[in-house]
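Here the structure is laid out as structure tokens; the discussion comes afterwards.
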Amino acid sequence: METTIAVIGVKENPECIEAKLSMAGEIIKRGGLVAFPTETVYGLGGDALNPESSRKIYAAKGRPSDNPLIIHIANWEDLGRIVSEIPATATKLAEAFWPGPLTMIFKKSDLVPSQTTGGLDTVAVRMPSHPLANLFIKKAGGYVAAPSANLSGKPSPTLAKYVVQDMAGRIDMILDADGSSIGLESTIVDVTTEIPIILRPGYITQKMLSDVVGETEIDVTIYDSDSRQAPKAPGMKYRHYAPKGELVIVEGDPQNVVRYINEQCAMHEAAGTRTGVIGTKEQLAQYHGASSIKNAGSRDTPEAAAKQLYTFLREFDDEKIGYIYTESFADAITVPITRASSDTGIGQAIMNRLLKAAGHKVIYV
Ligand code: TXA
Ligand code: MG
């Protein structure tokens with residue numbers, strides 16, 4: 001299949017943008033697939049109400065079809081057609097966080113094909129804030145089913161070039177626009193229960209949610225890797241975001257972390273295997289000996305690390321890195337909320353993704 005790559009530059013004039021998005025919308029209406037930018041990660045879109053489109057999405061990604069898709073909408077009024085009930089908590093959360101990086105799980109209406117929800121009687125819905133996503137969804141008829149636009153098992157793409165790498169030849173069109181500003185997938189909250197349950201952590205944290213709706217819970221499988229329960233979000237059971245090299249999280253006193261990582265890198269490099277490091281700005285100058293050292297920004301602004309994490313993992317693959325060591329971001333969870341720009345506690349989402357990518361390999365030093 002030939003994939004049309006439609007570049008949308010930052011200074012592009014509104015008529016050209018309109019024309020490209022109209023073309024993209026038509027493709028979706030005809031049952032085709034289009035990758036599009038959102039503020040979290042790039043999405044791989046198809047018509048959410050067309051079972052054949054959902055089937056194509058699973059095929060293009062190489063994804064198991066029991067893993068349900070998120071339906072992206074552009075207007076609050078459109079929600080009513082695809083869900084059978086709108087709980088009061090959902091209305092409050094939407095007022096606070098939509099459009100934005102929050103996905104909510106509702107009971108589905110009959111309009112939504114079971115192919116889109118992986119056979120579940122619930123449906124995940126998100127209203128993205130990225131202006132191009134919003135316009136594209138409207139042009140596409142209002143209901144765009146979209147997983148992240150990566151091949152199954154690869155890190156979600158936060159830059160268009162990675163969508164091209166994974167999806168060229170597999171889908172009809174790629175909207176090649178700016179990089180995703182958040183860089184991690186949306187927070188998922190189940191609002192079908194009396195107390196909302198977080199199924200996947202993200203930029204919108206438990207504290208932010210609780211400030212709006214009172215008590216919230218977190219699916220036990222997110223923080224307890226030994227839990228024998230199945231995650232409530234089916235997709236969370238897969239080993240995601242895996243780089244080709246072996247990834248290890250190193251946690252402990254900063255000086256011990258630096259010493260351990262430097263020793264490991266020296267050892268592997270001496271044996272002929274390339275090594276990589278993800279470090280924070282505060283410690284970066286102390287790393288030596290690795291083939292590739294990535295700057296995750298300051299510990300005070302974990303948002304910077306979140307934004308770049310998936311790019312780093314993909315770059316390590318390109319650089320043929322065999323062993324990757326990363327500092328832990330666990331303490332970013334407890335960053336005092338008074339600290340400017342860090343009241344998000346996005347450390348929890350970063351650690352959730354890192355632990356999955358590392359297959360839960362953590363060294364305490
Ligand atoms: O930020 C995002 O959410 C991105 C952008 C493109 O919007 N999308 C995304 O989709 O991350 P995906 O398919 O990679 O992840 C969707 C997750 C999966 O873990 C899936 O199991 C879960 O949402 N999910 C979807 N529908 C669900 C449902 N009805 N109940 C529970 N979990 C659901
Ligand atoms: Mg994904």
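Values below: every heavy atom of this structure, side chains too, minus hydrogens, waters and symmetry copies.
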Side-chain H-bond candidate by donor/acceptor type, [X] with [Y], under 3.5 Å:
X	Y	answer
T116	S54	yes
S291	E269	yes
S180	T40	no
T103	S186	yes
K138	N134	yes
S84	S109	no

Got [X] and [Y] here, is their nearest side-chain heavy-atom distance under 4.5 Å?
X	Y	value
F106	V125	yes
V123	V83	yes
I218	Q348	yes
L354	I350	yes
T187	L209	yes
T117	T122	no
P128	P37	no
R170	M1	no

Quick check: does any side chain N or O of [X] sit under 3.5 Å from a backbone N or O of [Y], one acting as donor and the other as acceptor?
X	Y	result
E85	K107	no
K61	S148	yes
N150	P157	no
D317	P243	no
N262	H288	yes
T273	G322	no
Q206	T216	yes
S328	E251	no
T38	Y42	no
K56	G31	yes

Does [X] pair with [Y] as a salt bridge, N-O distance under 4.0 Å?
X	Y	answer
K154	D166	yes
R314	D318	no
R353	E185	yes

Gap separating the [atom1] atom of [X] from the [atom2] atom of [Y], nearest 0.5 angstrom:
X	Y	atom1	atom2	result
I324	I249	CD1	CD1	11.0 Å
T193	K232	OG1	NZ	8.0 Å
R63	L151	CZ	CG	12.0 Å
I197	T192	CD1	OG1	7.0 Å
L175	L21	CG	CG	6.0 Å
I171	T3	CD1	OG1	6.0 Å

### Query
Does the pair R55 and E52 meet the rule for a salt bridge (charged side-chain N to carboxylate O under 4.0 Å, His left out), with working shown?
CA-CA 5 Å; R55 195 196 57 71; E52 183 56 17; 2.7 Å; yes
### Task
Using the side chain to side chain contact (heavy atoms under 4.5 Å, CB included) rule, take I86 and L79 through it: C-alpha gap first, then chi angles, then the decisive distance, then the call.
CA-CA 8 Å; I86 303 180; L79 180 64; 3.8 Å; yes
### Query
Under the 6.0 Å and 45° cation-pi test, does R126 pair with F97?
no
#### Entry: Stacked cation flag K294 on F316, 6.0 angstrom / 45 deg
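Satisfied, under 6.0 Å and within 45°.
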### Message
Checking I182 now: which residues fulfil side-chain contact (heavy atoms from CB on, under 4.5 Å) with it, not counting sequence neighbours?
### Response
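Partners of I182 under the side-chain contact (heavy atoms from CB on, under 4.5 Å) test: E39, P101, Y203.
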### Task
Please list, chain by chain and in numerical order, all residues satisfying side-chain contact (heavy atoms from CB on, under 4.5 Å) with E12, sequence neighbours excluded.
I8, C16, I17, K20
### Query
Hey, mind stepping through Y260 and Q255 against side chain to side chain donor-acceptor pair (under 3.5 Å) and telling me if it holds?
CA-CA 9 Å; Y260 178 84; Q255 287 320 306; over 6 Å; no
Looking at every heavy atom in both [X] and [Y], which two are closest together, and how far apart are they?
X	Y	answer
A305	F329	CB-CE2, 3.7 Å
A290	T275	CA-OG1, 3.3 Å
P68	Y58	CA-OH, 3.8 Å

### Message
One pair to check against side chain to side chain contact (heavy atoms under 4.5 Å, CB included): V277 and T326. What are the steps and the verdict?
### Response
CA-CA 6 Å; V277 176; T326 177; over 6 Å; no
Between [X] and [Y], is there shared hydrophobic-cluster membership here, with clusters defined by ILVMFWY side-chain heavy atoms closer than 4.5 Å?
X	Y	value
M167	M23	no
I70	M127	no
I321	L313	yes
L309	Y323	no
M104	V213	yes

### Query
Taking it one step at a time, do E18 and K139 satisfy salt bridge (charged side-chain N to carboxylate O under 4.0 Å, His left out)?
CA-CA 9 Å; E18 181 94 18; K139 299 270 186 201; 2.5 Å; yes
### With S292, the side-chain contact (heavy atoms from CB on, under 4.5 Å) member among K320, E315, E319
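In the set K320, E315, E319, the residue that makes a side-chain contact (heavy atoms from CB on, under 4.5 Å) with S292 is E319.
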### Task
Classify the ring geometry between H268 and Y325 as parallel (under 30°), tilted (30 to 60°) or perpendicular (over 60°).
parallel
### Mutual orientation of the aromatic rings belonging to W76 and W98 [parallel < 30°, tilted 30-60°, perpendicular > 60°]
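Ring orientation, 0 to 90° scale: perpendicular.
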### Query
What do the steps show when you test K92 against T89 for side chain to side chain contact (heavy atoms under 4.5 Å, CB included), and what is the final call?
CA-CA 5 Å; K92 283 190 205 156; T89 47; 5.7 Å; no
### Task
Go through the steps to decide whether I71 and I82 satisfy the test side chain to side chain contact (heavy atoms under 4.5 Å, CB included), and finish with yes or no.
CA-CA 9 Å; I71 302 189; I82 51 172; 4.0 Å; yes
### Task
Please lay out, stage by stage, how T311 and T158 fare under the test side chain to side chain donor-acceptor pair (under 3.5 Å).
CA-CA 7 Å; T311 299; T158 52; 3.2 Å; yes
